[in-house]
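Letters go in sequence order (proteins before strands), and every chain restarts at 1.
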Amino acid sequence: MPTKEELQQRLDQISELFASIVTHADHQSLSRCPYKNRFNQCTAQFGCRNKRKPKVQGELPVCVSDDKLDYRPAWEWPCDPIR
Amino acid sequence: MAELTDIAHEFIRQEIEEFIERPDERQRTINTFAKARPEMQAIAAALIEGENETVDQLTRGALDSGIEALEVMDYGLIAGMGIVGIKFRQNFIFVPEVLACARAMKAGMAHIEPILSAAGVEPIGTVIMGTVKGDLHDIGKNLCIMMLRGAGFVVHDLGVDTSPDKFIEAVEETKAPLLGMSALLTTTMPNMGKTIEAFIDADLRDDVKIMVGGAPVTQDFADDMGADGYGKDALACVALAKNLLGVVARS
């Protein structure tokens, strides 16, 4: 049976891992929309001007943001179907 | 010193080869996985792929077969998340993928929780989290939840577009002493205040501490609406949650 200290040490390790992830996420979100995945698809449930229909039916919508301008004003788009 | 070929799992070998560029990190990761038994490598691989059901099954299977919780954490869950962290830092993957991996980690940790409890490591507290009514933005909230769970809180995620009634229902059901609300739009921010008013009307305001956050939210806005605290990001959220519950140190 592991001791409380041994387990606590692992939990602290997990916390540290997550803290560094969150710090990087904050930094990255200044230029890249956090809803955009590695395939440049949009995972957001809300409307966005940068969202386009997927190339293949059933896939996630495509994000056309160029990551150069602030993407956040685009989120104010009404939550209706993809453009 | 271990070699990449000492690692049995092909996917893990590929991940290290393709994504871990820094020599020190690469060697450390190789050393870890070279010592890991195949079952642990499989847990790590499933976690990296964000496959929460597989992580759930493999973790349960490993513990049932007598593998120690520490080994499952060291060589499966934490080792896998370590690769995820490196890939994220190097911009090979992004927030949606990381959150999928964090969900997979949570699925595995669910089987470790009884062992933590038996050893005297109890959750810090219970938190209800949700994005307010009319708002569908959830990344910030999800990062806060990832951090809170990592820090040892039990979190009930109400998701997006959460009405005041749903928040009240959740607090009544779980007896959670802490509630976190998020809003990303200036148009939905006032719904935080409306939710707080609903708690006052339901005579529950004194039973729960309320923290708020989200890009347009400020400390002044939080004070004006009567929240107990404001967190500017996920790190601040954890510190605030501990502070509001009077937690000095986890141990």
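Contact count against chain B (heavy-atom pairs under 4.5 Å) is highest for Ile14(A) among Ile14(A), Thr3(A), Thr23(A). The choice from Val95(B), Ile93(B), Leu99(B), Val98(B) that makes the most heavy-atom pairs within less than 4.5 Å of chain A is Val95(B). Between chain A and the options Val160(B), Ile112(B), Leu143(B), Asp138(B), the largest number of non-hydrogen pairs under 4.5 Å is found for Asp138(B).
By the 6.0 Å and 45° rule, Lys87(B) does not stack over the aromatic ring of Phe92(B).
Heavy-atom distances place the side chain of Leu17(A), and not its backbone, under 4.5 Å from chain B. Of the atoms belonging to Met146(B), heavy atoms from both backbone and side chain fall under 4.5 Å from chain A. Proximity to chain A (any heavy atom under 4.5 Å) is shown, for Leu77(B), by neither the backbone nor the side chain. Contact annotation for Ala19(A): both backbone and side-chain heavy atoms come within less than 4.5 Å of a heavy atom of chain B. Interface residue Asp26(A): only side-chain heavy atoms are found under 4.5 Å from chain B. For a residue to count as touching a neighbouring chain, one of its non-hydrogen atoms must lie under 4.5 Å from one of that chain's; by this rule Thr43(A) touches chain B with the side chain only. The contact between Gln13(A) and chain B is made entirely by side chain atoms (from C-beta outward), counting heavy-atom distances below 4.5 Å.
From Leu158(B), atom CG reaches atom OG of Ser163(B) across 9.0 Å, with rounding to the nearest 0.5 Å. Taken from CG in Asn91(B) to CZ in Arg32(A), the straight-line distance is 8.0 Å, to the nearest 0.5 Å. To the nearest 0.5 Å, atom CZ of residue Phe33(B) and atom CD of residue Glu15(B) are 9.5 Å apart.
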Before you tell me yes or no, could you show the steps for Lys53(A) and Glu59(A) under salt bridge (charged side-chain N to carboxylate O under 4.0 Å, His left out), namely the whole-Å CA-CA distance, both residues' side-chain angles and the distance that decides it to 0.1 Å? CA-CA 9 Å; Lys53(A) 281 181 183 165; Glu59(A) 281 192 354; over 6 Å; no
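Of the residues listed (Thr162(B), Asn191(B), Thr188(B)), the one engaging Asp135(B) in a side-chain hydrogen bond (donor to acceptor under 3.5 Å, both in side chains) is Thr188(B), and it is the only one.
Put simply, the side chain of Ser65(A) never gets that close to the backbone of Asn50(A): no donor and acceptor are under 3.5 Å apart.
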